[in-house]
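Quick note: numbers below take in every heavy atom, side chains included, and nothing from hydrogens, waters or symmetry partners.
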Number of protein chains: 2
Amino acid sequence: MKLDPRHLEILAAIVESGGLTEGAALLGKSQPSVSRSVSLLEDRVGEPLFLAARRPLQPTELGLALAQEGKRILEAGRHASWLVDEHRQGLSGAVRVAGTPIFMDGVISSVIAEFQAEHPNIRIDQSYGYPAELLSKISSETLDVAILPIRPADLSEEYEFRQILPGRNVIACRVGHPLARKTEVKLEDITEYSWIAPPANSPLFRDLRNTLDGIGVRELKISFTGGSLSAVVNVLAGSDSLTVLPFSVVFMMQRQNMMTSLPIKIGDPDRHLGCVMRRDRRMSATSNRFLAFVERKFELLDRLICKA
Amino acid sequence: MKLDPRHLEILAAIVESGGLTEGAALLGKSQPSVSRSVSLLEDRVGEPLFLAARRPLQPTELGLALAQEGKRILEAGRHASWLVDEHRQGLSGAVRVAGTPIFMDGVISSVIAEFQAEHPNIRIDQSYGYPAELLSKISSETLDVAILPIRPADLSEEYEFRQILPGRNVIACRVGHPLARKTEVKLEDITEYSWIAPPANSPLFRDLRNTLDGIGVRELKISFTGGSLSAVVNVLAGSDSLTVLPFSVVFMMQRQNMMTSLPIKIGDPDRHLGCVMRRDRRMSATSNRFLAFVERKFELLDRLICKA
DNA sequence: GATCAATATAACTTTGGGTTATGAAGCTCG
DNA sequence: CGAGCTTCATAACCCAAAGTTATATTGATC
């Protein structure tokens with residue numbers, strides 16, 4: 001005997017509110033409607049659910065027991081509705097975000113931390129990757145947002161790009177590095193130090209090559225390569241090596257007195273950091289909320305950096 | 001946003017069974033039906049519930065969360081159905097039964113105990129009362145079954161009567177009473193003992209008067225009156241007083257060596273013990289089951305008594 | 001790319017829940 | 001105890017939607 005869950009809901013409402021009319025009001029239906037629903041339920045059950053000819057409508061034992069189940073159904077339904085609302089407002093669910101390792105660890109992660117403090121019900125699925133693969137993941141909808149240093153012109157029409165920071169690289173070194181004390185650093189000062197290089201396939205590695213080419217460094221001694229940001233930071237802190245990093249990353253690290261940048265002007269990359277997503281905007285409300293948050297935070301960060 | 005609980009059930013079935021077709025089978029519906037129900041639910045929710053263009057149909061986060069609620073609904077519904085089945089088979093619910101105090105305490109209560117051992121989900125609401133009031137309770141449907149010593153002819157057409165024991169009274173005394181040892185007790189032996197009388201308004205009290213009148217006892221010394229069966233038993237056990245009780249009660253008490261009956265023949269009452277209920281048989285399956293049980297048990301008891 | 005299985009769509013029927021209007025039946029109270 | 005009020009039941013209608021079968025699409029798989 002399969003019962004209609006809506007009937008059980010109605011029964012629960014009636015029992016809870018103590019009357020057929022009140023129950024109808026509670027459910028936002030008309031009184032005759034619930035009256036008939038109850039009759040139908042009674043027909044199917046084959047037993048009376050209310051004591052006949054009693055005015056303060058009194059449920060039978062069975063009626064009471066079924067109303068109990070109806071209450072469960074009502075609550076499950078309410079919870080489901082709540083879940084939907086949360087989801088539609090982008091207050092729950094998950095955002096799949098990925099980016100290049102150095103940026104993610106150096107800048108984005110702290111923004112994500114702030115976001116999670118504000119939205120504890122939203123899960124962030126973070127991963128790392130370089131532009132080509134992340135764009136394909138965006139296409140196949142296995143990724144919601146990519147945060148990449150990229151040349152906007154390189155991007156196909158399929159994607160939307162929102163710049164969050166202008167590209168700007170600096171030469172970084174440990175705090176207390178011999179060169180860091182100088183007010184001006186010249187080319188020949190640099191050449192004697194060895195270099196820490198990002199992974200060879202990363203955009204940053206190309207930036208490093210371009211930068212050093214630009215300032216005339218032909219031959220570079222590479223003392224360490226391939227590590228994550230924290231590896232780079234540790235090696236940097238424990239040696240006099242130099243490296244090329246986005247200024248934003250150095251800026252964040254400066255706060256923790258982990259590293260500093262040399263007062264030497266190097267060419268900026270033609271890539272800019274920004275969020276990439278599908279242009280068709282079939283993104284969840286949650287992703288949109290995350291996106292807006294990131295943009296807002298980076299706007300603030302950009303201002304701070306400009307002042308520095 | 002109010003969601004249809006049936007949609008959530010369907011969603012749960014699909015997610016649980018891993019496919020739309022299997023889900024449909026699980027619910028005993030056609031595949032197109034559930035397919036459309038899901039579309040409808042998705043329309044209302046405004047978000048996809050399944051990842052598009054994926055063959056082993058995979059729910060989204062929201063889909064999964066809603067399916068969880070659907071499962072709750074499904075389970076509540078199943079439990080409700082189970083409750084109905086139990087009720088219809090008379091395996092749950094309550095029976096309101098009442099009877100005269102002496103019979104209830106002396107005989108019926110142990111039958112009720114057996115019944116409850118067999119049907120732990122059925123509640124017995126027992127109460128005491130004398131015929132007139134119990135019959136009116138039957139009429140007003142505040143009582144399901146009355147167990148009464150009654151003259152069937154006295155009963156109006158409204159009621160149905162089912163005899164469970166023939167009326168038979170005896171004179172009872174404590175085990176070890178001086179008269180109990182004799183093989184034959186004569187009238188003059190009895191007259192010197194005082195009597196324990198049931199409450200004055202009880203049928204049994206009239207039986208006592210009639211009995212003693214019948215055997216020629218004119219003047220009776222009443223030493224105790226008005227108590228319940230256990231009071232009577234205690235007083236009886238602690239004195240040489242006599243009383244008149246239904247043989248069935250004495251029979252049950254004999255098993256516990258609490259009392260015995262005198263070997264003297266007294267007139268039987270024209271009342272018989274039986275179950276009374278409304279003739280229209282608008283009784284719950286539960287009450288019917290109880291009734292059948294009582295009749296069965298008393299049939300056995302009757303045989304035992306006849307042998308004794 | 002052909003094939004197979006799973007899902008979606010179409011077209012139609014039927015159930016039943018929604019409504020308003022109205023009738024019947026308990027309760028309350030003078 | 002009957003007038004009056006409130007609450008519940010019925011009637012008549014409409015329409016949303018669940019159910020059906022038949023068929024088209026679409027992924028997955030080889």
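Between B/Ser37 and B/Gln31, it is B/Ser37 whose nearest contact on DNA chain D lies nearer the 5' terminus. Of the residues near DNA chain C, B/Pro32 and A/Ile10, the one whose nearest nucleotide (by heavy atom distance) lies more toward the 5' end is B/Pro32. With DNA chain C read from its 5' end, the first of the two nearest nucleotides for A/Arg6 and B/Gly19 is the one closest to B/Gly19.
Distance A/Leu40 CG to D/dC8 C1': 16 Å, rounded to the nearest Å. Nucleotide D/dT21 holds its P atom 14 Å from the NZ atom of B/Lys29, rounded to whole Å. One can place CG of A/Asp43 at 15 Å from P of C/dT15, the figure rounded to the nearest angstrom. Atom CG in A/Asp4 sits roughly 14 Å away from atom C1' in D/dG19 (whole-Å rounding). At whole-Å resolution of the value, CD1 in B/Ile14 and C1' in C/dA6 are 12 Å apart. Summarising the geometry, the separation between CD on A/Glu22 and P on D/dC8 is reported as 6 Å, rounded to the nearest angstrom. If you measure from atom CG of B/Leu20 to atom P of D/dG27, you get 15 Å, rounded to the nearest angstrom. Here D/dA17 presents its P atom at 17 Å from CD of B/Glu9, a figure rounded to the nearest Å.
Residues B/Arg72 and A/Glu75 are not paired through a salt bridge, judged by the lack of any N-O separation under 4.0 Å between the basic side chain and the carboxylate. Ionic pairing of A/Arg123 and B/Glu61 is present here: one or more N-O contacts between side-chain nitrogen and carboxylate oxygen are shorter than 4.0 angstrom. For the pair A/Glu160 and A/Arg162, the salt-bridge criterion is met [side-chain N within less than 4.0 Å of a carboxylate O].
A donor N or O paired with an acceptor N or O is not found under 3.5 Å between the base of C/dG16 and the side-chain atoms of A/Arg36.
The CE atom of A/Met104 lies 9.5 Å from the CG atom of A/Leu148; values are rounded to the nearest 0.5 Å.
Side-chain N/O atoms of A/Thr21 include none lying less than 4.0 angstrom from OP1 or OP2 on D/dT7. Of the side-chain N and O atoms in B/Ser33, none sit less than 4.0 angstrom from OP1 or OP2 of D/dA18. Within the 4.0 Å cut-off from OP1 or OP2 of C/dT7, not a single side-chain nitrogen or oxygen of B/Ser35 is found.
There is a side-chain donor-acceptor pair under 3.5 Å between B/Ser139 and B/Glu158. The closest side-chain donor-acceptor pair between A/Ser33 and A/Ser30, if any, does not fall under 3.5 angstrom.
Axis angle between the ends of the helix from C/dG1-D/dC30 to C/dG30-D/dC1, five pairs each and rounded to 10 degrees, works out to 50°.
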